[in-house]
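Worth knowing before you read on, the calculation uses all heavy atoms, side chains too, and leaves out hydrogens, waters and symmetry mates.
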Amino acid sequence: MTLDLPLVWFILIAILWTGYLVLEGFDFGVAMLLEKVGKGDRGRRVALNSIGPVWDGNEVWLLTAGGATFAAFPHWYATLFSGFYIPLLLILLALIVRVVAIEYRGKINDDAWRRRWDWVIMGSAWVPAILWGVAFANIVRGVPIDETMTYTGGFFNLLSPYALLGGATTLTLFLSHGAIFLSLKTAGAVRERAEAVAKTMAPIALVVTAAFAIWTQLAYSVTWTWAVVAVAAIGLVVALVAGRAGRFGWAFIGNAVAIAFAVALIFGSLYPDVMPSSTDPAYSLTIENASSTDYTLTVMTWVAVIFTPIVLIYQSWTYWVFRRRLSEDNIPEHNSLTFLPKKDKSKVKQ
């Protein structure tokens with residue numbers, strides 16, 4: 001019995017996207033809520049430190065998903081990145097800027113300096129939180145693709161009502177996910193504010209995600225994915241009920257399940273396509289016509305079998321080591337590096 005390697009890698013890429021959106025989802029949520037839950041500088045530092053040890057590791061899932069798509073389905077990768085050039089460029093720029101902002105924020109002991117970087121951190125989280133949903137919704141809906149596997153539409157083709165609802169779905173899910181994560185990882189005033197946000201966002205995420213899931217199911221999906229929609233709905237209900245009861249561990253699990261099964265709905269709706277064509281179904285990219293050779297997929301499979309457990313082990317260890325709650329009492333004083341006063345600057349010039 002031989003494996004259907006294109007199907008195997010289609011499923012593996014779905015798993016990689018699940019890992020990325022579940023883990024990076026709360027990173028985005030925490031960053032978007034920085035002003036809301038942080039209030040003062042120490043509160044914002046608590047929020048940032050809650051994701052400090054893990055946010056860059058969570059991005060590994062995105063790099064792996066992108067690399068796997070490039071290697072396993074090069075035609076899909078080429079069409080996707082040429083057709084979605086502007087939104088993907090904005091996401092990439094936001095991710096780069098976020099790295100700089102998080103690293104630079106604490107370099108200078110100056111309130112104005114920190115506030116500017118705080119706004120950059122928040123903005124660089126809002127952009128991908130919305131655009132990932134827009135991108136995935138467009139992939140499900142289908143975009144103009146010709147017989148040469150080339151995207152023939154423009155930027156505004158990507159801004160349909162369905163796609164915008166997809167953006168609202170990821171936005172609300174990530175906001176809820178981040179608030180629940182902060183409720184688990186912080187103590188004191190930050191935790192109290194995060195719990196309040198989590199309780200407010202859970203019903204909003206439930207309504208918006210339900211609207212997107214039902215639209216997807218009725219317009220683009222198949223019968224068996226109704227079960228996926230049901231599990232995602234159960235996850236969101238668990239997040240809502242558990243959050244109201246103060247059981248934020250269960251709320252986090254429920255929200256993570258909802259995100260995971262939302263990804264399953266997207267990939268289940270796509271199969272056997274990887275990028276449907278709205279021009280002519282015959283021009284759609286499928287797991288067969290967009291995939292690499294069997295030899296390439298075989299080598300990739302062995303690499304994945306060897307290295308995936310290693311990645312999972314070290315990332316799990318990271319979460320275990322940094323499992324304790326943070327409060328403002330854990331935050332040290334700022335470093336002593338400051339800007340030179342104007343009079344000192346003039347002396348330096350002389």
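Side-chain atoms of Thr69 and Trp9 form no donor-acceptor pair, as typed in the model, at a separation below 3.5 Å. Checked by atom type, the side-chain pair Arg141/Ser160 shows a donor-acceptor distance below 3.5 Å. Judged purely by distance below 3.5 Å, without hydrogens or angles, the side chains of Thr293 and Thr296 pair a donor atom with an acceptor atom. Tyr162 and Thr216 share a side-chain donor-acceptor pair at under 3.5 Å. At a cut-off of 3.5 Å, with distance as the only test, no side-chain donor of Ser284 or Ser277 sits close to an acceptor on the other residue.
Note on Arg115 versus Glu35: salt bridge recorded, some NZ/NE/NH1/NH2 to OD/OE distance being below 4.0 Å. Lys39 has no carboxylate O lying under 4.0 Å from a charged side-chain N of Glu328, or vice versa, which leaves the two without a salt bridge.
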Trace of the salt bridge (charged side-chain N to carboxylate O under 4.0 Å, His left out) decision for Asp41 with Arg105: CA-CA 11 Å; Asp41 177 63; Arg105 181 190 187 279; 2.6 Å; yes

Evaluation steps, salt bridge (charged side-chain N to carboxylate O under 4.0 Å, His left out), between Arg191 and Glu195: CA-CA 6 Å; Arg191 179 186 179 185; Glu195 289 180 355; 3.0 Å; yes

Pair Val54-Leu23, side chain to side chain contact (heavy atoms under 4.5 Å, CB included): steps then yes or no: CA-CA 9 Å; Val54 297; Leu23 297 176; over 6 Å; no

His177/Phe252 under ring pair (Phe, Tyr, Trp, His ring centres under 6.0 Å): CA gap, chis, key distance, verdict: CA-CA 7 Å; His177 209 39; Phe252 186 84; 4.6 Å; yes

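No more than 12 heavy atoms of other residues, nucleotides or ligands lie within 6.0 Å of CZ in Arg324, so this atom counts as exposed by the packing criterion. For Lys36, the NZ atom sits in a loose shell: 12 or fewer heavy atoms of surrounding residues, nucleotides or ligands are nearer than 6.0 Å. Within 6.0 Å of OH on Tyr319 lie more than 12 heavy atoms contributed by other residues, nucleotides or ligands. The number of heavy atoms from other shown groups lying within 6.0 Å of CH2 (Trp119) does not exceed 12.
Between the Asp280 side chain and the Tyr283 main chain, no donor and acceptor come within less than 3.5 Å of each other. Within the 3.5 Å criterion, the main-chain N or O of Asn289 finds a donor-acceptor partner in the side chain of Thr286. The closest donor-acceptor contact from the side chain of Asp273 to the backbone of Met275 lies at 3.5 Å or more, if one exists at all. With hydrogens and angles disregarded, a donor-acceptor distance shorter than 3.5 Å links the side chain of Asn157 to the backbone of Gly154.
Ala101 and Ile121 get closest at one heavy-atom pair: CB-CG1, 3.4 Å. In terms of heavy-atom proximity, Gly38 sits nearest to Arg193 at O-NH2, 3.4 Å. Nearest approach of Leu240 to Pro203, heavy atoms of both residues: CD1-CD, 3.7 Å.
Screening residues 30-82 for ring-ring contact (aromatic ring centres under 6.0 Å, His included) gives Phe70-Tyr77, Phe73-Trp76, Tyr77-Phe81 as the qualifying pairs, with residues at least two apart or on separate chains.
Aromatic ring centres of Phe136 and Trp17: separated by under 6.0 Å.
The aromatic rings of Phe10 and Tyr271 sit tilted, their planes meeting at an angle between 30° and 60°.
Cation-pi geometry between Arg114 and Trp117 is not satisfied (NZ or CZ under 6.0 Å from the ring centre, within 45° of the ring normal).
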